[in-house]
Amino acid sequence: MKTFLYTTMMLALCTTANAQSAYDAQNMANSDLNGTARYIGMGGALGALGADLSTMGNNPAGTGLYRRSDASFTFGGVFTGNAGAMGHDRGRMSFDQAGVLFALGGTGGDLRNINFGVNYQKKRNFLSNFSGDLNLGGGSQTFQLAEMATDAYYDDNNFGILADHTAPMRNATTGELVYDGIFDDNYVAWKDGVNKDFQFIGVPASSSNYRRATYGSNSQIDLNLSANIADRFFAGIAVGIYTMGYDREAAYSERTDYADYTIRNKYHFSADGVDVKFGVIFRPIEDSPFRFGLTAHTPIWYKVRDYNSLSVNANTIYNHTIEGNWTTEEFEYNFRTPWKFGISLGHTVGTFLALGAEYEYSDLSSCKYYYNHSKGYASDFDPQNGNIKANLKGQHTVKLGVEAKPADAFSVRVGYNFVSSPFKNDAYNHLDYNSSFTETDYTNWKAIHRITFGLGYRYKGGYIDLAYQYQAQNGDFYAYDYEGNYAAYSETGAAATPTPMRISNNRSQIVATLGFKF
């Protein structure tokens with residue numbers, strides 16, 4: 001049973017707001033394991049160990065362990081486990097980190113150091129590809145399209161091509177393009193105690209194919225201030241500034257007894273955001289190097305701009321060639337990620353071994369879309385925010401890392417990074433006929449497992465680090481979602497149920513960091 005089913009949407013609802021979903025919310029809220037090669041090589045488990053520029057974006061107290069100034073930059077490449085799609089390559093080069101920290105010294109007494117740093121880091125690389133034939137299990141995307149067209153009929157009683165270009169899916173499902181040949185209509189005298197004298201009917205697919213490519217990134221710049229008090233207590237604060245750009249292109253094709261058609265979708269959003277991160281590290285035993293850290297990250301407050309487009313091309317049994325295109329106006333709104341809290345442990349054995357462990361938690365169901373509340377639009381995103389609460393859940397992240405030094409100048413690192421799935425077991429993507437969002441497919445991604453490995457070389461005044469990371473993630477892909485509001489029968493008289501397809505988002509990353517101490 002689906003956890004959340006919308007009632008009929010009022011036409012007064014702003015149609016452009018429907019482009020926002022729980023699936024794009026988790027996309028904006030999540031992050032990759034990225035940063036310096038040392039940070040990646042240890043699985044990100046440096047929250048209590050510190051002394052790395054990438055800790056500004058995780059535990060800003062970690063820079064308090066610096067005694068000398070540091071500068072570094074990191075570059076590399078990301079390679080997906082799937083072949084390129086939609087004209088895009090399977091891999092790309094990437095500039096992942098650049099930062100500097102100034103160790104300003106202390107004021108005497110217990111205040112040993114006050115440090116200030118700035119660090120750029122790629123928070124998320126959106127590169128992914130998927131292409132292949134689908135097994136719909138006797139179903140068809142036309143079942144969902146027909147259902148949406150029936151919704152439109154009872155709301156509008158209007159089958160003409162609508163002039164409202166802010167709702168491409170509404171135009172496609174209620175206009176001549178999809179109605180005239182891709183699916184059929186049928187007379188139903190009485191259904192579920194309601195007199196329904198008309199409905200559209202989907203047509204089972206004999207074959208189907210799907211292609212999708214995503215690309216873009218979310219970058220952050222952290223401004224960090226930290227302090228070292230008596231080598232026992234370290235505190236830090238960082239202000240994060242975020243710039244995000246995301247593009248998704250997809251093409252869905254089906255062949256039925258009525259037509260063969262392709263629906264192409266393009267979606268783009270860009271965003272700018274800000275947050276504040278707080279962190280502390282304690283060394284509770286004076287003669288022991290063991291320490292633990294605590295972190296709290298405020299939500300990231302984003303200002304978002306997005307638009308999307310849809311095009312339909314079809315050849316029907318009526319010898320019709322159907323074509324149509326719609327593009328929405330750019331739409332602006334706000335988005336808020338959840339709070340994030342973390343605890344970390346660190347221990348060193350002489351200068352030979354460093355051990356790190358970390359746990360983070362954020363409740364993705366508390367993500368929220370909103371307008372400027374002062375303008376009186378606080379409730380316009382209630383359906384989308386209800387969708388988030390129904391489909392997303394708390395997310396757990398575990399980081400483990402080990403660094404060993406077989407010689408003073410050389411380091412070997414291994415790490416493991418686990419991120420739990422953000423989706424509830426029965427999550428699904430609701431799509432209204434009057435939505436500006438136009439893709440019927442969605443993927444319920446499972447947990448992420450990352451294995452990392454790194455090497456380091458230290459020389460007088462500088463260092464070189466290398467790291468490799470492999471990410472494994474599977475997901476259940478749904479080509480469409482038939483909600484069953486109407487009796488969308490197949491030719492055999494049985495309602496079609498979406499059949500998920502297992503897909504993967506596996507990828508590899510290789511990075512190198514060049515740094516200088518001064």
Side-chain angles (χ1 to χ4, degrees), residues 29-63 65 72 74 76 78 94 96-97 99 117 119-125 217-220 222 224 236 238 240 275 277-279 281 291-297 300 340-348 354-362 395-404 411-420 422 447-456 465-473 507-513 515:
N30 271 314
S31 60
D32 294 333
L33 172 61
N34 208 4
T36 66
R38 179 172 179 252
Y39 185 82
I40 294 173
M42 292 191 67
L46 291 175
L49 292 172
D52 189 275
L53 294 179
S54 286
T55 61
M56 293 186 199
N58 180 28
N59 185 349
T63 59
L65 282 87
S72 71
T74 303
V78 177
S94 179
D96 295 299
Q97 179 271 334
N119 189 59
Y120 159 85
Q121 188 162 296
K122 187 164 288 185
K123 175 180 171 66
R124 186 84 189 270
N125 190 321
S217 64
N218 187 1
S219 300
Q220 67 184 87
D222 289 302
N224 171 233
D275 76 345
K277 293 173 278 285
F278 305 92
I281 297 174
R291 47 194 181 265
F292 68 91
L294 299 172
T295 59
H297 298 189
I300 305 174
K340 180 185 290 186
F341 302 95
I343 183 171
S344 54
L345 305 175
H347 186 65
T348 58
L355 306 171
E358 192 164 346
Y359 169 77
E360 293 178 343
Y361 176 79
S362 60
Q395 191 169 50
H396 309 271
T397 300
V398 176
K399 307 173 185 179
L400 302 172
V402 178
E403 180 181 53
S411 300
V412 179
R413 308 175 184 108
V414 293
Y416 172 69
N417 187 280
F418 168 84
V419 183
S420 67
I448 297 174
H449 300 269
R450 300 184 178 111
I451 303 295
T452 66
F453 175 77
L455 297 172
D465 291 320
L466 303 174
Y468 170 78
Q469 136 175 222
Y470 179 75
Q471 171 183 295
Q473 184 184 33
R507 66 184 189 179
S508 299
Q509 182 184 19
I510 301 173
V511 298
T513 297

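- Partners of Ser362 by side chain to side chain donor-acceptor pair (under 3.5 Å), not counting sequence neighbours: none found.
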*Verify side-chain contact (heavy atoms from CB on, under 4.5 Å) between Leu33 and Tyr39, making sure each step is shown before the conclusion.*
CA-CA 9 Å; Leu33 172 61; Tyr39 185 82; 3.8 Å; yes
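- There is a side-chain donor-acceptor pair under 3.5 Å between Tyr468 and Ser508.
- No donor-acceptor distance shorter than 3.5 angstrom exists from the side chain of Asp222 to the backbone of Asn119, with no hydrogens or angles considered.
- Nearest heavy atoms, Gly50 versus Thr55: CA-CG2, 4.1 Å.
- Here Arg507 pairs with Asp32 in a salt bridge; the nearest charged N to carboxylate O distance falls below 4.0 Å.
- Taking OH from Tyr361 and NZ from Lys340, the interatomic distance works out to 12.5 Å, rounded to the nearest 0.5 Å.
- Distance NZ/Lys277 to CD/Gln220: 5.5 Å, rounded to 0.5 Å.
- Looking only at atom types and distance, the side chain of Arg124 has no donor-acceptor partner in the side chain of Asn218 under 3.5 Å away.
- Each salt bridge (Lys or Arg N to Asp or Glu O under 4.0 Å) pair with one or both residues in residues 41-52, not counting sequence neighbours, appears once here: Arg38-Asp52.
- At least one donor-acceptor pair closer than 3.5 Å links the side chain of Gln121 to the backbone N or O of Asn34.
- In terms of heavy atoms, Ala354 sits closest to Thr348 at CB-CG2, 4.1 Å.
- For Asn224 (side chain) and Ala238 (main-chain N/O), no donor-acceptor pair under 3.5 Å exists by modelled atom type.
- The main-chain N or O of Gly346 is never found under 3.5 Å from a side-chain atom of Arg291 such that the two would form a donor-acceptor pair.
- Contact record, Gly57 with His297: O-CE1, 3.5 Å, taken as the closest heavy-atom pair.
- A donor-acceptor pair shorter than 3.5 Å can be found between the side chains of Tyr416 and His449.
- What you find for Ala37 and Ala467 is that their closest heavy atoms are O-CB, 3.3 Å.
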*Given side-chain contact (heavy atoms from CB on, under 4.5 Å), test Met42 with Leu49 step by step and report yes or no.*
CA-CA 11 Å; Met42 292 191 67; Leu49 292 172; 3.9 Å; yes
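- Between Ala45 and Gly401, the closest heavy-atom pair is CB-N, 3.6 Å.
- Here the straight-line distance linking atom CG of Leu345 with atom NZ of Lys399 works out to 13.0 Å at 0.5 Å rounding.
- Taking 4.5 Å as the limit, every side-chain heavy atom of Val419 sits out of range of all side-chain heavy atoms of Gln473.
- To the nearest 0.5 Å, the span separating CD1 on Ile343 from CD on Glu360 amounts to 11.5 Å.
- The nearest pair of heavy atoms linking Arg413 to Ser411 is NH2-CB, 3.7 Å.
- Remark: Ser72 pairs with Gln97 by the side chain to side chain donor-acceptor pair (under 3.5 Å) rule, at least two apart or across chains.
- For the atom pair CZ of Phe278 and CG of Leu294, the computed distance is 14.0 Å after rounding to the nearest 0.5 Å.
- With a 4.5 Å cut-off on side-chain heavy atoms, Val412 and Leu455 count as touching.
- Looking only at atom types and distance, the side chain of Asn58 has a donor-acceptor partner in the side chain of Glu358 under 3.5 Å away.
- You'll find the side chain of Phe341 stays beyond 4.5 Å of the side chain of Thr295, heavy atoms only.
- A donor-acceptor pair is defined here as one N or O able to donate and one able to accept, closer than 3.5 Å; such a pair exists between the side chain of Thr452 and the backbone of Gly415.
- Atoms OG and CG, on Ser54 and Leu46 in that order, are 8.5 Å from each other to the nearest 0.5 Å.
- For the side-chain hydrogen bond (donor to acceptor under 3.5 Å, both in side chains) test with Thr74, the passing option among Asp96, Thr36, Thr513, Asp465 is Thr513; the others fail.
- Taking the side chain as every heavy atom from C-beta outward, Gln395 and Asn30 approach each other to under 4.5 Å.
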